[in-house]
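Chain identifiers are assigned alphabetically (A, B, ...) following the order of the sequence lines, protein sequences preceding nucleic acid strands; residue numbering begins at 1 within each chain. For the numbers below, each heavy atom of this structure counts, side chains included, while hydrogens, waters and symmetry mates do not.
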Number of protein chains: 2
Amino acid sequence: MIKIGEMSKRTGIPVTTIRYYEKVGLLPAPGRLESGYRLYNRAHLERINFLKNTRKLGFSQQRIKALVSLLENPNRTSEKVKISVQSQLEEIREKRLLIQNIENQLKQIIAKCDGGEKSECPILETFHEET
Amino acid sequence: MIKIGEMSKRTGIPVTTIRYYEKVGLLPAPGRLESGYRLYNRAHLERINFLKNTRKLGFSQQRIKALVSLLENPNRTSEKVKISVQSQLEEIREKRLLIQNIENQLKQIIAKCDGGEKSECPILETFHEET
DNA sequence: GTTTGACTCTATACCTACTGTAGAGTCTAG
DNA sequence: CTAGACTCTACAGTAGGTATAGAGTCAAAC
């Protein structure tokens, strides 16, 4: 049984964030000492690692909650888990396409500028276009 | 001279967002009718198009403000504008690399799952790893 | 002339996913 | 026994807006 500071050290998740995860329902409320200090066990450590890993993969809190309830459901199938992760992949893929599109547009816009010292500026002109 | 609803129609930017841009200093405060209604001119329309285009390219408000002050500076050089847009490109490129990395990880994780009906689940196991 | 409906105003709350701060209490090593 | 580290709650702030409440205004139909 460890206190929140030790948990923070072991997981690399800030103390404030751990308390926040409890508040939003991603982490079960732990037991408390008489002083009110939180006391975590092995299961909490595992849950925080779970949150850390899914967060790194860009999962939203909503999707993480869905995964957690699968996790806690004894009737879960790995198929359902897979479908959830595939949705996440699709979302990420769309974000990547969007950002790639922006990247290409920026490159084209930069290419318009010859870097002269005149006050005319093809980049600013582009930004003023009606679209 | 047009009212805010007409401006919204012409630019496609919601009325609430136009007021918000004024509040955060991206759009100069327009004149008002006696009733208090905002009245916009050609310059405001151009500014809103500018905001719309830079926002579409993922510029932060901070960077947009920097661009706007270049825009308003008669001593600006197109070189300075170019440098600002190049910084934006670099930021976007890094975001894209990050998201591509996530995408690849997700693909690898999904590939671990054979979709069986057993309760064991390589995906959930991956999410529980200490990292 | 009035009434209806669309429009506008301000102010405030809400969103995601946290982070930071104030002020008070607790624990532990010297 | 005290100093410093740790923990607690509650609330405010971040970016970039969106949504809502309640009040006032404008234009056209009747």
Chemist: Counting only side-chain nitrogens and oxygens, does Y21(B) get under 4.0 Å of the OP1 or OP2 atom of dG17(D)?
Modeler: yes
Chemist: Taking atom types as modelled, is there a side-chain donor on T126(A) or K112(A) under 3.5 Å from an acceptor on the other?
Modeler: yes
Chemist: Please pick, from dC18(C), dC8(D), dG20(C), the nucleotide with the shortest atom-to-atom distance to any side-chain atom of R55(A).
Modeler: dC18(C)
Chemist: Under 3.5 Å between N/O atoms: give me all the protein pairs with nucleotides 23-26 of chain D, atom names plus distance.
Modeler:
{"unit_1": "dG24(D)", "atom_1": "N2", "unit_2": "Y37(B)", "atom_2": "OH", "d": "2.8"}
{"unit_1": "dT25(D)", "atom_1": "O4'", "unit_2": "Y37(B)", "atom_2": "OH", "d": "3.3"}
{"unit_1": "dT25(D)", "atom_1": "O2", "unit_2": "Y37(B)", "atom_2": "OH", "d": "3.4"}
{"unit_1": "dC26(D)", "atom_1": "OP1", "unit_2": "S35(B)", "atom_2": "OG", "d": "3.1"}

Chemist: Measuring from the side chain of Q61(B) (C-beta onward, heavy atoms only), which nucleotide among dG17(D), dT8(C), dC18(C) has the closest atom?
Modeler: dG17(D)
Chemist: Would you kindly give the CD1-to-P distance between I48(A) and dC18(C), to the nearest whole Å?
Modeler: 13 Å
Chemist: Does R19(A) put a side-chain nitrogen or oxygen below 4.0 Å from OP1 or OP2 of dC8(D)?
Modeler: yes
Chemist: Rounded to the Å, how far apart are Y20(A) OH and dC11(D) P?
Modeler: 17 Å
Chemist: Does S60(B) make a side-chain N or O approach to OP1 or OP2 of dA15(D) shorter than 4.0 Å?
Modeler: no
Chemist: After noting the C-alpha distance and the side-chain angles of F127(A) and F59(B), does the key distance pass the ring-ring contact (aromatic ring centres under 6.0 Å, His included) rule?
Modeler: CA-CA 12 Å; F127(A) 289 161; F59(B) 282 77; 5.7 Å; yes
Chemist: With a non-hydrogen cut-off below 4.0 angstrom, is R38(A) in contact with a base, only sugar-phosphate, or nothing?
Modeler: sugar-phosphate
Chemist: Working to the nearest 0.5 Å, report the span between CD of Q62(A) and CG of L26(A).
Modeler: 11.0 Å
Chemist: Taking the side chain from K3(A) and the backbone from Y37(A), do they hold a donor-acceptor pair closer than 3.5 Å?
Modeler: no
Chemist: Please tell me which of the listed nucleotides, dT19(C), dT7(D), dA19(D), lies nearest to the side chain of V15(A)?
Modeler: dT7(D)
Chemist: Where the side chain of K9(B) is concerned, which of dT12(C), dC9(C), dC7(C) is the nearest nucleotide?
Modeler: dC7(C)
Chemist: If you check the I4(B) side chain, which of dG17(D), dC8(D), dT8(C) turns out closest?
Modeler: dT8(C)
Chemist: Look at all strands and tell whether F59(B) reaches a base, only sugar-phosphate, or nothing, counting heavy atoms closer than 4.0 Å.
Modeler: nothing
Chemist: The test is side-chain contact (heavy atoms from CB on, under 4.5 Å); show your working for R32(B) and L39(B) and say whether it passes.
Modeler: CA-CA 5 Å; R32(B) 303 264 186 154; L39(B) 266 195; over 6 Å; no
